[in-house]
Amino acid sequence: MTKEVRVRFAPSPTGYLHVGGARTALFNWLFARHFGGKFILRIEDTDFSRSSEEMVEGILQGLRWLGMTWDEGPFFQSQRLDRYREFAAELVAKGVAYRCFCKAKENSEASGYPTKSAEHGCASLSSDESGRRAAAGDCFAVRFRIPPDKTSFRDHVFGDIEVDNTILEDFVLLRSDGSPTYHLSVVVDDLDMKITHVIRGADHISNTPKQILLYQAIGEQMPEFAHLPLILGPDKQRLSKRHGATSVMAYAGLGYLPDAFFNFLSLLGWSPGEDREILSRQELIELFSLKGVGKANAVFGLEKLDWFNSQYLRNASPDALHQMAVEELKSSQIPFTNFSAETLDGILDLLKNRLRKIGDLSSTWRAFFSDEFEYEKSAADKFLADPKLRDLIPELLDRYRKIAEFTLESAETVLRKFVEEKGVKAGILINALRVGLTGQGVAPGLFEVMLALGRERTIARIDQLNTKLRITNYE
RNA sequence: GUCCCUAUCGUCUAGUUGGCCCAGGACACCGCGCUUUCAAUGCGGCAACACGGGUUCGAAUCCCGUUGGGGACGCCA
């Protein structure tokens, strides 16, 4: 029996949960669920000046939206400060780290190139001297002493990676204010939390040797590593604000379904190795494997996300769709309250194949829910310009008014008969009426639309169309 | 600047140990059918192994180089 798989997602609360972070969380989550292991949430808030509680909440919210539940945590590094200090002290005692009494560099010159340990006078301070100065109250940071040789590790995604230690700097473990840096806290926590697999973004590849050196210095067994290729914007540059939304909650707001977003994200940098793409969470959990993770960075493109979303929308249960629609209409303040559930569901059934986002209901398909809507300009110009309409529409309106029973058949028969008598093509009227009824040049079948709107509204809108034809010149 | 990583259609990708790949699927795009417009659907099309050297009977698959892209080099994570 192998030991339990334990993975973690460890964001720093200096921003919202962004697309890249979400994908990292997602792969960790999938990995844990696949092996029946634990998914642990840890907040890396050791940079006090940049961390905030709202950001923590935002991250949790994003994870919840995507349905990623965690088994342990959230743990906060800010609450484990004593542990890191204790650890750093041990390292100093062991001689693998040393106190550095140099003044902290200003941020502005932080772009400096690696400083070799030899360049730090502090590195060669005797432990007596070092201890004496510390006891005297001299301010110091703790630096790790980089040993000579090379460091290598096997990555589950990238394979064997080796670096020469000489390029590594004697990095800081503990700042002069006593707070730990990332390298210290991440190693201590992964050890204490018994993390078996560190799955994180490829931007951490070059940090890994430092952490491995730390594990080696204290003689502990290290976790396995798997680095994930990065997600880039359409210009192949790092995803940033100028690419539009980067926070996952923004996508919630844009009307994307969490399941669709989840599915889409899972296929960014990973492939099940077969030709299926629409996969449920359960299927994803079963299929997920680090072997399927690619090495090349992936571009985050919206077209395919839209497609995924439309697939999930069309496959949504009537109940789920109903609920989403009600929410959407409410939030966009469209007064649809006089609709029966049946009416609403009928409309949704008519529209669901054409939805890309739930928000389309209140934008493109507004006319189905509200009497206040405009004719889409290009549609009106294209379909309302025929001068014959001015004479035809009033007559046709009259026929619809007189219709005995308003059904799909009768609605169509009235029009068919009418065009036959008048000797005009059905398309002229159908297209014009479509604009009149929906404001759009593109919509579901006209007679189905009539039924969905109901007799009264249909007649009222034809009447309105009649009026507009008289007062507007369409071209 | 130094180090690390990476490179298949516009995009996401398949391509397990080199031959079944003059490279498959999906999105997008284009055409045709259906039709009342569009969507949906069906069928079809466009479109890639970055480049140059090797190794091999044979390379998208292995090696080297070039170029492109990304990442890291902080008392940020």
Side-chain angles (χ1 to χ4, degrees), chain A residues 10-14 44-47 49-51 77 100 102-107 109-115 139-143 155 157-159 161-164 166-169 171-183 185-186 200-210 227 229-230 232 234 236-238 264 267-278 291-292 294-308 310 314 351-356 379 382-383 412 415 425-431 433-435 438 440-447:
Chain A
S12 79
T14 53
E44 309 219 323
D45 55 351
T46 54
D47 182 355
S49 59
R50 295 201 304 151
S51 301
Q77 294 192 324
C100 174
C102 302
K103 221 180 127 212
K105 275 193 256 180
E106 292 299 320
N107 275 344
E109 53 178 293
S111 58
Y113 299 120
T115 349
C139 199
F140 65 87
V142 174
R143 282 183 188 272
D155 188 280
V157 173
F158 289 92
I161 295 176
E162 183 182 75
V163 297
D164 197 318
T166 53
I167 63 156
L168 267 22
E169 171 183 14
F171 57 94
V172 170
L173 295 170
L174 204 64
R175 302 185 187 102
S176 41
D177 67 357
S179 67
T181 62
Y182 167 68
H183 295 296
S185 57
V186 78
R200 73 223 309 190
D203 48 343
H204 285 293
I205 287 180
S206 37
N207 288 328
T208 307
K210 295 180 190 169
H227 288 92
L230 268 21
L232 310 176
K236 307 225 177 184
Q237 297 290 96
R238 191 175 202 154
F264 173 67
L267 261 18
L268 234 42
W270 174 77
S271 162
E274 35 185 303
D275 288 339
R276 291 190 304 155
E277 299 204 289
I278 299 289
K291 288 197 189 71
K295 301 182 196 181
N297 294 165
V299 170
F300 183 74
L302 261 22
E303 291 108 344
K304 200 157 182 174
L305 172 58
D306 281 347
W307 176 77
F308 269 102
S310 70
R314 110 179 17 163
L351 294 178
K352 71 175 185 185
N353 277 8
R354 353 178 59 98
L355 295 177
R356 284 185 94 70
K382 185 170 172 194
F383 296 123
E412 177 156 8
L415 187 131
K425 288 214 285 190
I428 299 176
L429 284 166
I430 287 172
N431 288 327
L433 288 176
R434 178 175 294 111
V435 176
T438 68
Q440 300 289 317
V442 171
L446 180 68
F447 306 108

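Order of the sequence lines fixes the chain letters, A, B, ..., with proteins taken first and strands second; residue numbering starts at 1 for each chain. None of the values given here were measured: they were computed from a predicted structure.
- Here A/Asp275 pairs with nothing under the side chain to side chain donor-acceptor pair (under 3.5 Å) rule; sequence neighbours left out.
- Applying the ring pair (Phe, Tyr, Trp, His ring centres under 6.0 Å) test to A/Phe300 and every residue at least two apart in sequence or in another chain returns A/Tyr251, A/Phe264.
- Checking B/G68 for Watson-Crick or G-U wobble geometry (two distances, each under 3.5 Å) identifies B/U6 as its partner.
- Looking at heavy-atom distances under 4.0 Å, A/Gly441 makes contact with a base.
- Between A/His227 atom NE2 and B/C4 atom P the separation is 16 Å, expressed in whole Å.
- Nucleotide B/U55 is matched to nothing when pairs are restricted to Watson-Crick or G-U wobble geometry with both distances under 3.5 angstrom.
- No salt bridge links A/Glu169 with A/Lys210; every basic N to acidic carboxylate O contact stays at or beyond 4.0 Å.
- When Watson-Crick and G-U wobble pairs are counted only if both distances are under 3.5 Å, B/A60 pairs with no nucleotide at all.
- Each of A/Val186, A/Val172, A/Leu174 was compared with A/Thr181 under the side-chain contact (heavy atoms from CB on, under 4.5 Å) criterion, and only A/Val172 meets it.
- Residue A/Gly201 is classed as having no contact, given no heavy-atom separation below 4.0 Å to the nucleic acid.
- Rounded to a whole angstrom, the distance from the P atom of B/A50 to that of B/G10 is 12 Å.
- In this model, the phosphate group of B/C75 is approached by a side-chain N or O of A/Arg143 to a distance below 4.0 Å at OP1 or OP2.
- Residues satisfying the side chain to side chain donor-acceptor pair (under 3.5 Å) test with A/Asp164, not counting sequence neighbours, are A/Thr166.
- Annotation: side chain of A/Lys295 is not in contact with side chain of A/Pro229 (no heavy-atom distance under 4.5 Å).
- Partners of A/Asp203 under the salt bridge (Lys or Arg N to Asp or Glu O under 4.0 Å) rule, at least two apart in sequence or in another chain, are A/Arg238.
- Nucleotide B/G44 forms a pair with B/C30, judged by Watson-Crick or G-U wobble geometry with both contacts under 3.5 Å.
- Across the strands present, B/G1 finds its partner in B/C73; the criterion is a Watson-Crick or G-U wobble pair with both atom distances under 3.5 angstrom.
- Side-chain atoms of A/His227 and A/Thr208, non-hydrogen and from C-beta on, do get closer than 4.5 Å to each other.
- With RNA chain B read from its 5' end, the first of the two nearest nucleotides for A/Val299 and A/Pro444 is the one closest to A/Val299.
- Under 4.0 angstrom from either OP1 or OP2 of B/C5 there lies no side-chain N or O belonging to A/Lys295.
- B/U13 atom P lies 16 Å from atom CD1 of A/Ile278, rounded to whole Å.
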Return the polar atom pairs (N/O with N/O) between nucleotides 67-71 of chain B and the protein under 3.5 Å, or none.
from	atom 1	to	atom 2	distance (Å)
B/G70	OP1	A/Gln237	OE1	2.1
B/G70	O2'	A/Asn297	OD1	3.0

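- Taking the C1' atom of each, B/U67 and B/A28 are spaced 29 Å apart, rounded to whole Å.
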Could you list, one pair per line, each protein nitrogen or oxygen that sits under 3.5 Å from a nitrogen or oxygen of nucleotides 28-35 of chain B, together with the distance?
from	atom 1	to	atom 2	distance (Å)
B/A28	OP1	A/Arg356	NH2	3.3

Between the protein and nucleotides 42-50 of chain B, which nitrogen or oxygen pairs come in under 3.5 angstrom?
none

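- Comparing B/C51 with B/A59, their C1' atoms sit 16 Å apart, to the nearest whole Å.
- In this entry the distance linking CZ of A/Phe158 with P of B/A72 reads 13 Å, nearest Å.
- One can find a donor-acceptor pair under 3.5 Å joining the base of B/A77 and the side-chain atoms of A/Asn207.
- Look at the C1' atom in both B/C63 and B/A48: the space between them is 23 Å, to the nearest Å.
- Look at the C1' atom in both B/U8 and B/A26: the space between them is 15 Å, to the nearest Å.
- With both pairing distances under 3.5 Å, B/U16 is matched to nothing as a Watson-Crick or G-U wobble pair.
- Relative to the side chain of A/Ala296, the nucleotides B/G25, B/U37, B/A7 differ in distance, and B/A7 lies closest.
- The distance from the OG atom of A/Ser51 to the CD atom of A/Gln77 is 9.5 Å, given to the nearest 0.5 Å.
- Whole-Å rounding puts the A/Phe171 CZ to B/A72 P distance at 17 Å.
- Shown here for A/Ala379 and A/Gly441, the closest heavy-atom pair between the two residues is CB-N, 3.3 Å.
- Separating the P atom of B/C30 from that of B/G24 is a span of 22 Å, rounded to the nearest Å.
- With C1' as the reference atom, B/C4 and B/C57 are 38 Å apart, rounded to whole Å.
- Atoms CZ (A/Arg200) and C1' (B/A77) sit 10 Å apart, rounded to a whole Å.
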task = Would you check, one step at a time, whether the test side-chain contact (heavy atoms from CB on, under 4.5 Å) holds for A/Leu305 with A/Leu302?
result = CA-CA 5 Å; A/Leu305 172 58; A/Leu302 261 22; 4.3 Å; yes
key: Nucleic acid footprint by protein, nucleotides 15-21 of chain B - heavy-atom cut-off 4.0 Å, B for base, S for sugar-phosphate alone   = -------
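- Shown here are the ring pair (Phe, Tyr, Trp, His ring centres under 6.0 Å) partners of A/Phe158, two or more places apart in sequence or in another chain: there are none.
- Residue A/Val157 is the one, among A/Phe140 and A/Val157, whose nearest nucleotide of RNA chain B lies closer to the 5' end (criterion: closest heavy atom).
- Contact annotation: A/Thr46 reaches the phosphate of B/A77 (side-chain N/O to OP1 or OP2, under 4.0 Å).
- Within 4.0 Å of A/Gln440, counting heavy atoms only, lies no atom of the nucleic acid at all.
- Remark: the separation of the P atoms in B/G65 and B/G25 is 36 Å, to the nearest Å.
- Proximity of a side-chain donor or acceptor of A/Thr438 to a complementary backbone N or O of A/Val435 within less than 3.5 Å is not detected.
- The interatomic distance linking A/Asp275 (CG) with B/A14 (P) rounds to 11 Å, in whole Å.
- Which of B/C12, B/C75, B/C4 sits closest to the side chain of A/Ala141 comes down to B/C75.
- Closest approach to the A/Ile167 side chain among B/C12, B/C5, B/U2 is made by B/U2 (side chain taken as heavy atoms from C-beta onward).
- The side chain to side chain donor-acceptor pair (under 3.5 Å) search around A/Ser179 returns A/Arg175, A/Asp177, not counting sequence neighbours.
- Between A/Ile161 and A/Asp155, the shortest heavy-atom contact is CD1-CB, 4.5 Å.
- The residue A/Phe447 sits close to a base: some heavy atom pair falls under 4.0 Å.
- Not counting sequence neighbours, the partners of A/Ser12 by the side chain to side chain donor-acceptor pair (under 3.5 Å) test are A/Thr14.
- Residue A/Gly301 is classed as having no contact, given no heavy-atom separation below 4.0 Å to the nucleic acid.
- Qualifying salt bridge (Lys or Arg N to Asp or Glu O under 4.0 Å) partners for A/Arg314, counting only residues two or more places apart in sequence or in other chains: none.
- If you take CD of A/Glu277 and P of B/C27, they are 7 Å apart, rounded to a whole angstrom.
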